[in-house]
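Below is one structure, written out as C-alpha cells; the observations come after it.
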Amino acid sequence: MVFAAPGEALTRAEELLGADPSPLHASVAHQVIGIWQRDFGDTRRALAHLRRARDLAARAESAEREADVLATLGVALVHAGRTRAGLAAFERGVARGSGHTRARVLFRRAYVWWVLGRHGEALEDVRRAIPVLRQADDVIWTARALTLRATVHLALGSVERADADFTAAEALWDTTGQEHDKADAVESRGLAAFRSGDVPAALRLLDEAAERYAKLGTPTFMLTIRRCEVLMAAGLATEALAEADAAVAALDGIGGQSTRKAELLLVAARAARLAGEPQTSLARAAVAVRLFAGQRRTWYETHARLVLIEARVATGHGSGRLVADAAAVAERLAAFGAPAAPEASLLAGRIALDLGWTADAERHLAVAARSRHGGPPLARMTGWAAQALRARAAGSARGVLEACRRGLDVLDDHRMTLGASELRARATAQGAELAALAQRASLVSGGPRRLLGWSERWRATVLSAPPTRPPADPVLLTAMTAFRELAARAEEARTDGGRPAPALEREQRRLEREIRSRTLHMRGEAPGDGDRFDVGRLLRRLGDEVRLVELAVLDGRVHVLLCGQGRVRRFEAGLLTEAEVEAEHVQAGLRRLAHPGAEARLPLVEAAGARLERLLLGPAAAHLGSGPVVVVPPGRLHRVPWALLPALRERVLSVSPSASSWLRARDTAPPPGGRQVLVRGPGLASGGAEVPELSDRYAGRRTPDEGGTGAPPPGARTGGGTAGPGATVVLEGGDARVPRVLRELDGAALAHIAAHGTFRADSPLFSSLRMADGPLIVHDFERLDRSPYRIILPCCDTARFASVGADELLGLVTALLPLGTAGVVACTAPVNDAAVVPLMLALHKGLDAGLSLAEALRDARAALPGDAVHQATGWAFSAFGAA
C-alpha cells in the first residue's frame with residue numbers, strides 16, 4: 001500500500017503497532033513506516049524503524065522477511081550516504097532470501113547500483129530479477145523492474161531500449177492500483193521524451209506526474225531534478241536554479257535523503273553556470289563533489305567535477321591544470337558510457353585553445369566532434385561547436401562557417417519543435433557560440449555582405465514563424481479567465497488605496513504558473529524556419545532611397561552594417577557597454593521630462609542623444625543619405641529612443657528586430673475591408689482623450705458597438721458579432737472587455753488601444769494592457785487568427801522588452817509581429833499622458849492622408865509644440881515594422 005496510498009499505509013502501520021502485534025506483523029509495520037520516512041520524510045527515522053523491522057524479522061525466525069527488510073534497509077543506508085553499509089546489507093539480504101524474495105532484493109540492489117551510477121551492475125541484477133518476477137506473476141515488481149531498466153538505459157543514452165521497457169511497464173501499471181508507481185511511470189516517460197529531444201512533451205508529462213504526486217501528498221525531489229534538467233535545455237536556467245535551491249531547502253527541512261541533496265546540488269550548479277552565475281555554480285558544485293565522493297558515487301562525482309571545471313573557467317581561471325582535469329573527466333565519462341563525455345572533451349579543447357596549445361586542443365576537439373553525427377540535438381550541437389573550433393585553429397574560415405551552419409541547422413530543427421514563443425526565444429542561447437564564431441570568421445574573410453548574412457542568421461529568429469496557436473484547452477481558457485478576474489480585483493484593491501489580500505496574490509501567481517505551464521507544453525507545428533535571408537533581395541527592396549542600418553556586436557564592439565543603393569558597407573562604432581550606459585541615462589532623462597518643470601534637463605538629454613549617436617552609428621551617421629532609415633538594433637539596445645539621435649531626428653524612421661522581419665512586414669498585405677478599432681481602457685490620466693476625437697473623425701465609417709445607436713454601414717454585424725468591412729468600432733467603458741476586444745481586433749486593418757501598459761520583466765508574456773475586465777496579456781494576442789495590420793499603442797511601457805536567448809526580445813510588440821501585424825507604434829519610455837493626445841491626433845491625420853506609420857509619426861513629431869514635455873513625448877515613440 002505504501003506506493004498506492006502512502007498516507008493510508010502509514011496510518012494503518014501505526015495503528016497496527018498500537019495493537020500489540022506479533023514480531024512478524026510488527027516487522028512489516030516498522031518496514032512500512034521506514035519506507036515512508038525514507039522516501040517522503042526523515043532518513044534518520046527511517047533507519048531506526050528499518051533496523052527495528054530487521055530485528056523483529058530475526059525474532060520471528062523468517063529468513064524471507066529478514067531478507068526483504070535488509071533490502072529496504074540497504075536502500076535507506078545508501079540514500080543516507082552510507083554506501084558501504086548499504087551494500088553490506090544487500091549482501092546479507094541476497095544470502096538470506098530465495099526465489100521470489102531474492103528477485104525483489106536483486107531489483108532493489110539494481111536500483112542502488114543505478115543511484116551509485118554503476119550501470120553495468122544495475123543491468124546485471126535487474127536481468128537476473130525480471131524472469132523470476134514474471135514467473136511468479138508479480139505484476140507490480142515486474143513493472144518496477146522494467147521501469148528501472150529503462151531508466152538505466154536512458155542514463156547510457158539508449159533511448160529506444162528505454163522506450164520499449166517503459167511501454168511494457170506502463171501496460172502492467174494499468175492493471176494495478178499503485179498510484180505512486182503510476183505517477184513515477186509518467187515521470188519516467190517525461191524523462192524519455194526529454195532524452196529523445198521532445199521538450200514540450202517532457203514538460204507536459206512531468207507536470208502531469210507532479211499533479212499525481214500532489215494528490216498523494218508525497219514530496220517530489222526526483223521529479224524536481226528531472227524537471228530542472230528539462231528547464232535548462234529549454235533555456236530556463238534561472239527558473240531551474242530557483243527550483244533546485246528551493247528543493248534543497250525543503251529536503252534539509254525534513255532531514256531527507258543525502259543522495260537526493262547531492263543530485264539537487266549538481267543540478268543547481270549546472271543551472272547557475274547556464275544562468276551566468278559562475279560563483280554560485282562553483283559553490284554548489286564543490287559541495288556536490290564532496291557529497292558524491294563520500295557516497296562512493298563515482299559516476300555522479302565525475303559529472304559534478306565537469307561542472308566544477310566549467311564554473312572555474314567561467315570565472316576566468318583557465319590553466320594547464322584545468323586542461324588535464326577536463327581531459328581526465330572526459331576519459332572517465334567515456335569509460336562510463338556517459339552522454340556528457342563529448343561536452344568534457346569540448347571543454348578541454350576550448351581551454352587548450354585559449355592557452356595556445358593547438359596540438360592538445362586538436363586532440364580533445366576531434367574526440368568531441370564525433371558527437372555531431374548522432375544523438376539528441378544538443379549533443380550534435382556540441383559536436384559541431386568542436387568542429388568549428390578545430391577549423392578556426394586550422395585557419396579555415398570556410399570550415400568554421402560550414403560547421404556553424406550545420407550546428408545552427410540542428411538548433412533550428414530543435415527550436416521549431418517548440419510551440420511556445422518563449423521557449424523558441426530562449427533556446428537560441430544554445431547557438432550563441434556558433435553564431436559568434438561565424439560572425440568573427442565573416443568579419444575576417446567574407447566582407448560586409450557575409451557578416452550581414454550571419455548577423456541575420458541568429459537575430460530575432462523567434463519572429464521567423466508564428467508561434468503555435470494555444471490549443472482550445474478548456475483548462476487553459478478557464479485559467480486565463482480566472483487570472484483576468486483576479487488581476488482586476490487586485491488592481492481595484494490597489495486603486496482604493498489598500499493592498500490586495502495575500503491570498504489573492506498567491507492565487508494570481510498560481511494561475512500565472514498554470515497558464516505558462518500549459519503554453520510551454522505546445523509543440524511546434526512544422527519543422528524548418530521559413531525562407532532563408534537573402535542579402536540581394538533586401539537590397540532590391542530597399543532601392544536607392546531607403547537605408548537599413550543593422551548593428552552587429554562582435555567582441556563587445558558595435559559594427560554598423562549600412563545597406564542601400566545595392567551594397568552593404570561596414571563601419572566600426574563604439575563599445576556596447578558604453579552605449580548601454582548612455583541609453584539608460586537617456587531613459588532617465590525622458591522619464592523626468594515627462595513631468596512639467598524639468599525643462600532644464602532638455603539640453604542634457606539632447607547631448608546624451610549625440611553621444612549615443614557616436615557610440616552606435618559612428619562614421620556611418622554621415623552616410624545615411626536623405627531618405628527613410630530602418631534601424632535593426634541588437635536585443636540589448638532595445639530601449640534606445642532612436643528618434644533622439646541627431647542624424648535620425650528629422651527622418652522617416654522605423655525600427656525592426658531584424659532585416660528579415662522588416663522584409664516580411666513589407667510583404668504583408670493589409671486585410672480587405674479596412675476595419676478600424678478604437679479601444680479606450682479604464683484609469684488613464686488623460687482619459688484617453690484622443691479616442692472620442694478620433695471617433696468623431698471616423699464617424700462616417702463607424703458601426704455601433706453593443707448597445708450603441710446609429711445605422712451600421714453595409715456588411716456590418718451588430719450585437720455580439722464582429723464589425724463588417726470598412727467599419728470603425730469604438731470600445732470603451734464596459735464594452736472594452738477582453739473577449740470583445742479580441743474579437744474585434746482579429747483581422748482589423750488598424751487598432752488604436754489607449755490603455756495602461758504594464759511590462760513584466762520577470763515574465764514578459766504576462767505584459768499587459770488594462771481593459772475593463774482585467775489585463776489583456778500577450779498570451780491573449782497569440783490566440784488571434786490574425787492580429788491587426790497596424791497597431792497604435794499610445795501608453796507607457798508598450799515597447800519594452802526582455803532580452804533573452806542569443807539575441808531575442810520578448811514583449812508585446814514582438815509578439816504581434818509574427819501574427820500578421822506589419823507595423824506598430826509604441827512607447828519606449830514613460831510619457832506625459834496629456835502630451836500624447838496631440839501626438840496621436842496628428843499621427844492619425846497622417847495615416848488618413850495615406851502615409852505609413854513611420855512617415856505619419858515623423859510628421860506628428862514635427863507638429864508638436866516645441867516645449868520640453870512635448871519634445872520628449874515625441875522622442876519616446878517609435879514605429880516598428882514596415883507598415
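Computed from a predicted model, the values in this text were never measured in an experiment. Just so you know, residue 1 is the first one in the sequence shown, and it goes up from there.
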Residue pair S188 / T151: nearest heavy atoms and the distance that separates them: OG-OG1, 4.4 Å

Side-chain touch V307/H303, heavy atoms, less than 4.5 angstrom: no

Ring centre gap for H79 and Y111 strictly below 6.0 Å: yes

Donor-acceptor pair between R108 and T72 side chains, under 3.5 angstrom: yes

Greater than 12 external heavy atoms within 6.0 Å of H100's NE2: yes

Between D181 and W173: side-chain donor-acceptor atoms closer than 3.5 Å: no

Side-chain heavy atoms of R12 within contact of M1, under 4.5 Å: yes

CD/E14: more than 12 non-hydrogen atoms of other groups inside 6.0 Å: yes

Residue pair S27 / A53: nearest heavy atoms and the distance that separates them: OG-O, 2.9 Å

Full working for side-chain hydrogen bond (donor to acceptor under 3.5 Å, both in side chains) between Q257 and T43: CA-CA 6 Å; Q257 298 171 354; T43 307; 5.9 Å; no

R102 side chain to V94 backbone, donor-acceptor under 3.5 Å: yes

Atom CD of E208: over 12 foreign heavy atoms under 6.0 Å: yes

Exceeds 12 heavy-atom contacts within 6.0 angstrom, atom CZ of R52: no

Q295 versus S258, side-chain donor and acceptor atoms under 3.5 Å: yes

Donor-acceptor pair, side chain of T176 and main chain of L172, under 3.5 angstrom: no

R161 backbone acceptor or donor facing S158 side chain under 3.5 Å: no

Side chains of D184 and T147 in contact at under 4.5 Å (non-hydrogen atoms): yes

Under 3.5 Å donor-acceptor, S281 side chain and A269 backbone: yes

Residues R284, D245: salt bridge by 4.0 Å N-O rule: yes

Distance-only side-chain donor-acceptor flag, E64 / S98, under 3.5 Å: yes

Check: T220 side chain, L223 main-chain N or O, donor-acceptor pair, under 3.5 Å: no

Within the 6.0 Å centroid threshold, strictly below: H180 and Y213: yes

Cationic N near anionic O, under 4.0 Å, R226 to E187: yes

Any donor-acceptor pair under 3.5 Å from T142 side chain to D138 backbone: yes

Aromatic plane relationship, W299 with F336 - under 30° parallel, 30 to 60° tilted, over 60° perpendicular: tilted

Whether over 12 other heavy atoms sit under 6.0 Å from R109 CZ: yes

Test: R297 cationic atom under 6.0 Å from Y300 six-membered ring centre, within 45° of axis: yes

CZ/R82: more than 12 non-hydrogen atoms of other groups inside 6.0 Å: no

Sidechain-backbone polar pair: T218 side chain, A214 backbone, donor-acceptor under 3.5 Å: no

D42 backbone acceptor or donor facing Q37 side chain under 3.5 Å: yes

R227/D207 salt bridge by N-O under 4.0 Å criterion: yes

T101 side chain to D68 side chain, donor-acceptor N/O pair below 3.5 angstrom: no

K261, NZ atom: more than 12 neighbouring heavy atoms under 6.0 Å: no

CZ on R128 to CG on L133, rounded to 0.5 Å: 12.5 Å

